[in-house]
Visitor: 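This is the structure, below, for whatever I ask next.
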Amino acid sequence: MSHDDFNFEPIRGLPEKLPEGEHILWQGAPDPRHLAREALALRWVAAYFALLTLWRVGASAAEVPFSVALLHGVPFVLSGLLACGILYGIAYVQAKSTVYTLTNKRVAMRIGAALTMTLNLPYTWIGTAKLDLKPSGHGTLAFELIGETRISYLMSWPHVRPWRMARTQPALRCIPDAANVARIFAEAAETRISEPKVERVSQSDGNAVAAE
């Protein structure tokens, strides 16, 4: 029997139903392979163990036959495979538990494998968005927040722009078709921010309704 850890969600990736007038434009998640490479430095770890293996084989070859020296490198190869497997496993779990959502009013990010939380970022909180697009079409769309809003870098990692710790920038990490997602975001954010806001004022201010 299958079990869905998120079966309490009325809408996938969202903790509650959307209010009237709000609708989903796009949903997605990180690609595990790209997340492992970019957020968890998988290639650097693999290169590190490859260098260790070459060093061990080279050092041993000076004292024993080359066929025996190759065997001395096996433990380093196995250790490297184990380390890379663990990193990919972490990336896979992170990707499977993540749902990024763009609506016509906000960015919502359900993140966290062990401790799940949802970040809700109204477009009015976002000053600029930066797209890091890769040749594969995958990319990261990071949001620079304005105002007093603060988000924890550690609690949000790896769904943040790397090394922006003083003012954390939440990000849609390693998403496929990133250019199209950025276009959807830009159009929705521009429409939302340009909408006039209507608020009531007292009659003593001279007008019953004011629009800004």
Side-chain angles (χ1 to χ4, degrees), residues 11-16 18-19 21-44 91 94-95 97-113 115-199 210-212:
I11 300 176
R12 178 177 176 268
L14 299 172
E16 57 188 16
L18 293 174
E22 185 174 7
H23 57 272
I24 294 174
L25 301 175
W26 172 86
Q27 281 192 321
D31 178 89
R33 291 180 304 149
H34 289 268
L35 189 65
R37 294 174 187 173
E38 296 180 28
L40 301 178
L42 180 64
R43 286 180 173 175
W44 288 100
Q94 284 284 351
S97 62
T98 297
V99 178
Y100 299 139
T101 303
L102 297 181
T103 77
N104 58 320
K105 296 185 177 181
R106 58 176 159 156
V107 178
M109 302 167 59
R110 186 245 275 163
I111 59 176
L115 180 62
T116 303
M117 65 178 181
T118 301
L119 299 179
N120 286 297
L121 308 173
Y123 293 135
T124 52
W125 289 10
I126 300 173
T128 59
K130 300 182 183 298
L131 175 62
D132 180 12
L133 185 63
K134 305 300 182 183
S136 63
H138 290 76
T140 292
L141 184 62
F143 307 109
E144 185 176 349
L145 304 182
I146 57 178
E148 299 300 319
T149 305
R150 294 291 189 276
I151 292 176
S152 169
Y153 187 94
L154 292 178
M155 290 291 291
S156 303
W157 185 89
H159 312 280
V160 292
R161 188 180 180 191
W163 310 114
R164 296 301 193 278
M165 298 181 182
R167 187 69 186 265
T168 301
Q169 296 182 18
L172 311 183
R173 291 295 301 269
C174 305
I175 51 175
D177 198 14
N180 183 53
V181 177
R183 179 188 58 80
I184 294 172
F185 163 80
E187 292 176 354
E190 183 178 2
T191 300
R192 176 60 177 166
I193 294 173
S194 63
E195 286 181 352
K197 300 177 183 178
V198 178
E199 60 181 25
E212 57 178 35

Visitor: Measure the OG1-CD distance between Thr103 and Gln27 for me, rounded to the nearest 0.5 Å.
Guide: 10.0 Å

Visitor: Please determine whether the number of non-hydrogen atoms from other residues, nucleotides or ligands lying under 6.0 Å from atom CE of Met155 exceeds 12.
Guide: no

Visitor: So which atom in Glu38 and which in Thr140 form the shortest heavy-atom distance, rounded to 0.1 Å?
Guide: OE1-OG1, 4.1 Å

Visitor: If you apply the rule side-chain contact (heavy atoms from CB on, under 4.5 Å), what do you find for Arg33 with Cys174, and how did you get there?
Guide: CA-CA 9 Å; Arg33 291 180 304 149; Cys174 305; over 6 Å; no

Visitor: State, yes or no, whether a side-chain contact exists between Ile175 and Trp26 at a heavy-atom distance under 4.5 Å.
Guide: yes

Visitor: State the CZ-OH distance between Arg161 and Tyr153, to the nearest 0.5 angstrom.
Guide: 10.5 Å

Visitor: Any idea how Tyr123 and Phe185 line up, ring-wise: parallel (<30°), tilted (30 to 60°), or perpendicular (>60°)?
Guide: perpendicular

Visitor: Could you pull out every donor-acceptor pair under 3.5 Å between side chains of residues 127-134 and any protein atom, sequence neighbours left out?
Guide:
{"residue": "Thr128", "atom": "OG1", "partner": "Glu144", "partner atom": "OE1", "Å": "3.0"}
{"residue": "Asp132", "atom": "OD2", "partner": "Lys134", "partner atom": "NZ", "Å": "3.3"}

Visitor: For Pro30 and Ala95, work out which heavy atoms get closest and say how close.
Guide: O-CB, 3.5 Å

Visitor: Which pair of non-hydrogen atoms, one from Pro176 and one from Ala29, has the smallest distance, and what is that distance?
Guide: CD-O, 3.7 Å

Visitor: Can you tell me how far apart NZ (Lys105) and CD (Glu22) are? Round to the nearest 0.5 Å.
Guide: 6.0 Å

Visitor: Using every non-hydrogen atom in the two residues, find where Ile11 and Glu16 come nearest and quote the distance to one decimal.
Guide: CD1-O, 4.5 Å

Visitor: Side chains of Ile111 and Leu119: closer than 4.5 Å at any heavy-atom pair?
Guide: yes

Visitor: What's the shortest heavy-atom distance between Arg43 and Arg37, and which atoms?
Guide: NH2-NH1, 3.3 Å

Visitor: Which of these, Thr98, Leu35, Leu141, sits in a side-chain contact (heavy atoms from CB on, under 4.5 Å) with Arg173?
Guide: Leu35

Visitor: Could you go step by step and tell me if Arg106 and Leu18 meet the side-chain contact (heavy atoms from CB on, under 4.5 Å) rule?
Guide: CA-CA 11 Å; Arg106 58 176 159 156; Leu18 293 174; 3.2 Å; yes

Visitor: Quick check: closest heavy atoms across Asn120 and Trp125, and the distance to 0.1 Å?
Guide: O-CZ3, 3.6 Å

Visitor: Please verify the inter-ring angle class for Tyr100 with His159; under 30° counts as parallel, over 60° as perpendicular, anything in between as tilted.
Guide: perpendicular

Visitor: Give the C-alpha distance, both sets of side-chain angles, the deciding distance and a yes or no for side-chain contact (heavy atoms from CB on, under 4.5 Å) between Leu14 and Arg110.
Guide: CA-CA 7 Å; Leu14 299 172; Arg110 186 245 275 163; over 6 Å; no

Visitor: Rounded to the nearest 0.5 Å, how far apart are CG of Leu145 and CZ of Arg150?
Guide: 9.0 Å

Visitor: Tell me, do Leu121 and Ile151 make a side-chain contact under 4.5 Å, heavy atoms counted?
Guide: yes

Visitor: For the residue pair Leu172 and Val107, establish whether any side-chain heavy-atom pair is separated by less than 4.5 Å.
Guide: yes

